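Predicted model, so just to flag it, every value in this text is computed and none were measured. So that the names make sense, note that chain A is the first sequence line, chain B the second, and so on, each numbered from 1.
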There are 2 protein chains.
Amino acid sequence: MPVRLTPNAPDTPLVSGVDDAALRQFLGYNMKRAFNVVQADLTQTLKPLGLRMLTYTALVLIVENPGLSQSQLAAAMDVERPNLVEIIDELEQRALVLRRRVPADRRIYALTATPEGIQLCQKALAADKAHEARLFEGIPPQTIETLIEAMQTVRTRGALGAK
Amino acid sequence: MPVRLTPNAPDTPLVSGVDDAALRQFLGYNMKRAFNVVQADLTQTLKPLGLRMLTYTALVLIVENPGLSQSQLAAAMDVERPNLVEIIDELEQRALVLRRRVPADRRIYALTATPEGIQLCQKALAADKAHEARLFEGIPPQTIETLIEAMQTVRTRGALGAK
DNA sequence: TATTGTTATACTCTATAACTATA
DNA sequence: TATAGTTATAGAGTATAACAATA
């Protein structure tokens, strides 16, 4: 007799023949599975624009916060400073952003977007909106809003608790 | 004058001085940021048990679905078959699961958990529950349930839409 | 001394092609 | 031929240590 970790499985398993009821009770598991779907779709959405999720995020934050330093951006994106170098290299080589030396503190690069960068950023944001509208079609806007708020709660509560 | 992609930012930025309002409107962005927090905490939770998220997931699914094949498990976990080999190797070397040849079809390995594997699985599930209770403390159970249902909707709707 | 950006490096997760043994 | 498991390999994403330039 198979060992049952859950008394019974009310929902039908998603993958034919394999039951993941014991894992589906966890929000984290469902977040991962759902995010995999979102990420795959967003990656395809950004590909025609020549952007990855990381370069897209960096570009938007630079456009929105002109003059910020690489350290500030790395902290905002929750990536280590060394990993940001290649991301900015890529954006700079495509002339989407500029590294400007700051006279007052010559250690810092002030990051700014070029007009082309701003234009691509706006295209990417529009594509992202269309991607989410398509992917989340049928989910009530009120529910989406609740989801976003809950995700922000998890993000901040977890970040505090981890410290 | 800085370019504003959003008319105004109602919430305070999470990282000092850097505003991510244009991205925070997206559920996908919030899912990623929130899941990063959950993943970091779960990884630390599983570490004392010698498990990674991937080996943990595989172990639970094998315990719950004794006799399934590596291909079935790979499909259930949404990983490619080659990547599962190392995961099963790791579990097998620790004597948590067994690869049993199936006489009827000698190409297939039937995966089963050993008593030690079942025991560790139950410990890991308990640790996962404690981790989520701690991380999501303060979020009403009703909201958690809504979140899980919404994540499952995204997962299945997205998976269909991507095809 | 401390910080910014950088290089080098390594580890995990993921993806593809090609092999073997079985069917 | 087709499938299950495997090997080899490569690409992302992420993390740490150490360095040069600057403060």
Just N and O in the side chain of [X]: are any of them under 4.0 Å from OP1 or OP2 of [N]?
X	N	answer
B/Arg106	D/dT3	no
A/Arg52	D/dG13	yes
B/Gln72	D/dA4	no
B/Ser71	D/dT3	no

With a 4.0 Å cut-off on N to O distance, would you call [X] and [Y] a salt bridge?
X	Y	result
B/Arg155	A/Asp41	no
A/Asp19	A/Arg24	yes
B/Glu90	B/Arg52	yes

Residues A/Pro103 and A/Arg101: closest non-hydrogen pair is CD-O, 3.5 Å
Remember a base hit wins even if backbone is also touched, and classify B/Glu80 as base, sugar-phosphate or nothing at under 4.0 Å, heavy atoms. base
What's A/Leu54 touching, base or sugar-phosphate or nothing? Going by heavy atoms closer than 4.0 Å. sugar-phosphate
In this structure, how many angstroms lie between the [atom2] atom of [N] and the [atom1] atom of [X], rounded?
X	N	atom1	atom2	result
B/Leu98	D/dG5	CG	P	15 Å
A/Arg81	D/dA15	CZ	P	10 Å
A/Met53	C/dT14	CE	P	14 Å
B/Ile87	D/dA4	CD1	C1'	16 Å
B/Leu84	C/dT12	CG	P	17 Å
A/Leu46	D/dG13	CG	P	11 Å
A/Lys32	C/dC13	NZ	P	9 Å
B/Met77	C/dT12	CE	C1'	14 Å

Could you work out which one of [options] sits closest to the side chain of [X]?
X	options	answer
B/Arg107	D/dA2, C/dT14, D/dT14	D/dA2
A/Ser69	C/dG5, D/dA2, C/dT7	C/dG5
A/Asn83	D/dT14, C/dA17, D/dT16	D/dT14
A/Tyr109	C/dA2, C/dG5, C/dT16	C/dG5

First of A/Gln39 and A/Pro103 reached from the 5' end of DNA chain D, by closest nucleotide: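 Taking each residue's closest nucleotide, the earlier one in sequence belongs to A/Gln39.
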Starting at the 5' end of DNA chain D and moving along, which residue's nearest nucleotide shows up first, A/Val79 or A/Arg101?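 Residue closer to the 5' terminus by nearest nucleotide: A/Val79.
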Hey, are A/Tyr29 and B/Asp128 close enough side-chain-wise for a donor-acceptor pair under 3.5 Å?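 Short answer, no.
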Ignoring hydrogens and geometry beyond distance, is the side chain of B/Asp105 in donor-acceptor contact with the base of D/dA4 at under 3.5 Å?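 Answer is no: no donor-acceptor pair is held.
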Run the side-chain contact (heavy atoms from CB on, under 4.5 Å) test on B/Thr143 and B/Phe136 for me, step by step, so that the C-alpha distance in whole Å, both residues' side-chain angles and the decisive distance to 0.1 Å come before the verdict. CA-CA 10 Å; B/Thr143 302; B/Phe136 303 146; over 6 Å; no
